[in-house]
Amino acid sequence: MSNGFDDIPFFDEEEPAPRKPAQAPATSTAASGPAPGGLGIAARAMAARDQTRAPDYLSGLNPEQRDAVETVDGPLLVLAGAGTGKTRVLTTRIAHILATGRAFPSQLLAVTFTNKAAREMKERIGLLVGGAVEGMPWLGTFHSIGVKILRRHAELVGLRSDFTILDTDDVVRLIKQLIQAEGIDDKRWPAKQFAQMIDGWKNKGLDPSQIPEGDARAFANGKGRELYAAYQNRLKTLNACDFGDLLLHPIRMFRANPDVLKEYHQKFKYILVDEYQDTNTAQYMWLRLLAQRPPGVPQNVCCVGDDDQSIYGWRGAEVDNILRFEKDFPGAKVIKLERNYRSTEHILGAAGHLIAHNEGRLGKTLFTDRVNPDDEKVVVHAAWDSEEEARAVGEEIERLQRGDSDGKKHALNDMAILVRASFQMREFEDRFVTLGLNYRVIGGPRFYERLEVRDAMAYFRLVCQPADDLAFERIVNTPKRGLGDTTIRTLHDYARARDVPMLAAAADLIETDEIKPKARKALFDVIQHFRRWSELLETTPHIELAEQILEESGYTDMWKNDKSAEAPGRLENLKELIRSMEAFESLRGFLEHVSLVMDAEQNADMDAVSIMTLHSAKGLEFDTVFLPGWEEGLFPHQRALDEGGRSGLEEERRLAYVGITRAKRRCHIWFVSNRRIHGLWQSTMPSRFLDELPVTHVEVAESEQSYGGYGRGGYGQSRFDKADPFANNYSTPGWKRAQANKSDATRDNWGTRSGHAVERIGYGESGPKAKTIDGELVAKSTTSEPSKFTVGDRVFHIKFGNGNIASIEGNKLTINFDRAGEKRVLDGFVERV
DNA sequence: AAGCCTTAGTTTTTT
DNA sequence: ACTAAGGCTT
């Protein structure tokens with residue numbers, strides 16, 4: 001569990017979460033079996049209760065929190081703003097339900113989105129109640145609980161209970177096969193895209209028969225519905241599920257089997273949902289099925305969320321679920337948590353003013369009364385380009401580390417850089433490597449998604465589940481065994497014709513002469529190996545077996561013989577994979593875990609600055625937060641605006657809100673005038689979100705360096721004394737260029753900004769001379785001067801050779817090259833011949 | 001089966 | 001501009 005954040009206390013300067021009560025039994029009596037288990041916890045919790053006064057665990061709560069904990073009967077929506085003690089309320093509420101004897105641990109259903117959140121909740125309940133929480137079998141993610149339900153009733157939806165869970169990669173490969181089998185051009189209709197469509201439908205809870213006609217037509221000349229149905233059939237044959245099915249199958253099963261649903265109704269006395277604003281339609285349907293009760297019986301559902309932190313609309317989350325909670329659950333009580341324990345008044349003020357620009361919200365205002373005159377305002381900085389941005393952030397970090405500003409030395413662990421898009425990270429990494437500053441990147445490619453780990457897992461899967469064709473196809477020729485396309489196709493056809501797994505097909509076919517002798521020998525060896533491994537499965541310790549599989553299959557040797565730079569790292573990852581199996585009892589148990597828990601631990605020992613996207617920062621907090629890249633087009637992101645319209649913009653704004661509210665003490669926002677996007681230098685405009693920050697809580701940093709045109713020439717006072725605090729930035733070369741571009745076709749990405757009137761102050765002309773790089777950049781991307789080329793000119797390009805200019809858009813030329821065909825290039829890269 | 005060349009994509013991410 | 005992946009050639 002340690003990625004460095006788990007030990008950061010949720011409350012700053014508050015008393016820690018209540019400790020194990022003195023009268024709690026010292027020894028654990030946790031039940032060993034599953035249901036009806038968990039009496040150990042209940043007993044401890046009951047013992048912890050003090051009949052004469054309010055129990056200890058309630059004492060540290062504010063009135064609203066306490067209300068949310070004690071309102072146990074009937075539907076309850078807790079609107080918990082950032083840093084208001086959400087997790088504390090949830091965990092205390094659970095402890096309270098247990099302590100008052102209202103339910104056994106096994107009668108609580110508590111759902112989270114991520115494994116991390118589930119883990120954290122378990123730990124914290126353990127702290128409250130004392131001891132581990134083995135007795136809460138129904139605390140987990142939507143998906144892990146879905147699997148649990150589904151394994152019990154798999155046969156009701158046409159699966160066997162040992163079904164496999166496919167991840168995205170498997171799904172895409174499977175769909176690709178289906179597309180090809182239909183004779184559809186898989187270049188024109190990419191499997192990946194269709195996988196995303198299916199995912200979208202499943203998020204909405206739609207079967208093939210239910211998808212909108214338009215959607216069905218949109219793919220592969222109207223074959224969308226057919227393909228989706230074919231995909232579901234194929235999954236059934238494979239005895240497999242995708243992630244969406246882990247929710248949809250239980251929904252189907254409950255609808256078709258009211259008696260089963262009733263069992264669960266009786267079982268779950270209290271239901272809790274975390275991060276309710278992130279639920280999608282399918283999750284919502286699932287929840288409603290489980291939460292519904294006959295008239296007169298209270299629906300004990302408690303959903304906790306924050307509409308202002310809903311940032312996953314693009315993957316199917318429906319903020320509406322939280323906005324209409326009261327309609328869905330009549331008689332619901334709504335409690336708002338607005339007292340913030342995390343941030344300074346300036347940070348809260350800035351965030352609150354920004355988010356107030358959103359229309360579709362329930363409306364909360366965070367406040368704190370711990371006001372300190374030394375609290376720093378949110379600082380907005382300008383930089384010339386992203387390189388300077390990274391340099392300046394690096395300097396600020398070193399300053400804090402040394403303790404220059406306030407005499408306190410700040411740990412790198414307390415600082416984070418939160419970016420909108422991951423490509424922004426690189427510049428910071430480069431800079432920090434140069435500076436020798438420790439950093440850690442959160443998110444990004446994950447351990448279990450690495451090629452070598454997935455290969456190894458495919459071997460294990462096939463040993464446990466010989467019918468796993470996807471695993472078979474993945475590794476049958478890895479390492480190379482001379483089993484090429486032809487052989488695989490033969491196997492595939494045979495298997496499909498007889499409806500048997502490919503491994504079985506292979507066993508059949510090596511008896512015949514349909515396969516060339518060489519391939520037959522190779523296949524024979526593979527089959528022998530798997531037979532033996534399967535036999536060892538029951539007798540050999542799983543770690544030993546896993547090592548043996550990787551050795552005997554030649555997989556480790558393959559990487560040992562590989563001379564590429566990555567090979568050693570891959571071998572190291574394989575060792576790590578084996579090591580991580582130690583925590584499990586069997587190979588099967590391990591596989592199940594991995595399919596549901598895709599995250600791996602990070603080392604938290606080192607003191608390091610965290611770099612991550614705004615999305616992965618949700619739920620975390622840091623003393624100092626740096627928010628670079630506040631420019632139109634990047635943040636708010638152009639695509640969010642194009643595809644999401646106004647609601648897209650509002651989601652971006654929520655993202656900005658999430659970013660600011662991660663900060664406890666210091667928040668530094670940056671924007672640059674020039675950024676390279678897709679390899680081209682673009683002039684950028686400051687983000688509209690900057691204009692939405694309140695003057696009283698924000699200051700604009702004086703220009704720290706090279707980037708001249710800002711803050712010099714007698715501007716000592718706050719930029720906010722002016723009508724437009726950022727006016728000066730609009731006099732920079734970047735801004736002028738943006739203006740010039742406005743009347744030009746090159747504005748395509750950037751010129752669509754509206755409703756943002758600014759007064760320009762003619763300052764740049766007489767201002768300090770810009771750096772040399774300025775001249776270069778202007779030369780490359782300015783459009784204020786007419787192009788030195790005209791349509792029809794014959795030009796030479798170093799890569800594409802000779803050609804004629806077909807059209808000119810600012811500094812971008814469209815050229816018909818004699819050999820390379822039509823290309824768009826910058827005018828700086830060609831010369832007249 | 002390895003290596004080269006062309007082509008497409010380049011916001012955010014969980015399970 | 002860069003990268004990664006897929007297709008094609010040798």
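Naming convention: chains lettered A, B, ... in sequence-line order (proteins, then strands); numbering from 1 in each chain. Below, each value reflects all heavy atoms present in this structure, side chains not excepted, and no hydrogens, waters or symmetry copies.
Using a 4.0 Å heavy-atom cutoff across all strands shown, Glu643(A) reaches at least one base atom of the nucleic acid. As judged by a 4.0 angstrom heavy-atom cut-off over every strand, Gly146(A) is placed among residues making no nucleic acid contact. Residue Ser595(A) is classed as having no contact, given no heavy-atom separation below 4.0 Å to the nucleic acid.
Of the two residues contacting DNA chain B, namely Ser422(A) and Pro190(A), the nearest-nucleotide position lying further toward the 5' end is that of Pro190(A). Mapped onto DNA chain B by nearest heavy atom, Phe142(A) and Leu483(A) fall at different nucleotides, with Leu483(A) at the one closer to the 5' end.
Among the nucleotides dT15(B), dT10(B), dT12(B), the one closest to the side chain of Ala421(A) is dT12(B). Distances were taken from every side-chain heavy atom of Lys480(A) (C-beta onward) to each of dA1(B), dT13(B), dG6(C); the shortest belongs to dA1(B). Distance from the side chain of Lys187(A) is smallest to dG7(C) among dT13(B), dA1(B), dG7(C). Counting only heavy atoms from C-beta on, Arg676(A) has its side chain closest to dA1(C) among dT11(B), dA1(C), dT15(B). For Arg426(A), counting side-chain heavy atoms from C-beta on, the closest listed nucleotide (dA1(B), dA1(C), dT3(C)) is dT3(C). Side chain of His143(A), nearest nucleotide from dT15(B), dT13(B), dA1(C): dT15(B).
If you measure from atom CD of Gln193(A) to atom P of dG9(B), you get 9 Å, rounded to the nearest angstrom. Between the NZ atom of Lys116(A) and the P atom of dT15(B) there is a distance of 10 Å, rounded to whole Å. Atom CG in Leu166(A) sits roughly 16 Å away from atom C1' in dT14(B) (whole-Å rounding). In this entry the distance linking CG of Asp185(A) with P of dG7(C) reads 10 Å, nearest Å. Between Glu275(A) atom CD and dT13(B) atom C1' there is a gap of 14 Å when expressed in whole angstrom units. To the nearest angstrom, C1' of dT10(B) lies 9 Å from CZ of Phe423(A). The distance from atom NE2 of His615(A) to atom P of dT13(B) is 7 Å, rounded to the nearest whole Å. Atom CD in Glu632(A) sits about 17 Å away from atom P in dT11(B), given to the nearest Å.
Proximity of Asn115(A) to the phosphate of dT15(B): a side-chain N or O atom is located under 4.0 Å from OP1 or OP2. Under 4.0 angstrom from either OP1 or OP2 of dT11(B) there lies no side-chain N or O belonging to Arg420(A). In terms of phosphate contacts, Thr613(A) brings no side-chain nitrogen or oxygen within less than 4.0 Å of OP1 or OP2 of dT11(B).
dT12(B) has Trp314(A) stacked on its base ring, the centres lying under 5.5 angstrom apart and the planes within 30 degrees of parallel. Aromatic stacking of His637(A) on dT11(B): satisfied, with centres closer than 5.5 Å and planes within an angle under 30 degrees. By the 5.5 angstrom centroid cut-off and the 30-degree plane limit, His678(A) is classified as stacked against the base of dT10(B).
In the model, Glu427(A) has a side-chain atom that pairs as donor or acceptor with a side-chain atom of Ser386(A) under 3.5 Å. Counted by atom type alone, Thr164(A) and Asp468(A) present zero donor-acceptor pairs between their side chains at under 3.5 Å. Of the N and O atoms on the side chains of Gln277(A) and Glu275(A), at least one donor lies less than 3.5 Å from an acceptor on the other residue. The closest side-chain donor-acceptor pair between Asp242(A) and Tyr231(A) falls under 3.5 angstrom.
Look at Arg675(A) and Glu389(A) and you find a salt bridge, because one of the NZ, NE, NH1 or NH2 atoms lies within 4.0 Å of a carboxylate O, short of that distance.
For the C1' atom pair drawn from dT14(B) and dT3(C), the interatomic distance equals 25 Å after rounding to whole Å.
Heavy atoms of other residues, nucleotides or ligands lying less than 6.0 angstrom from CZ of Arg151(A) number more than 12.
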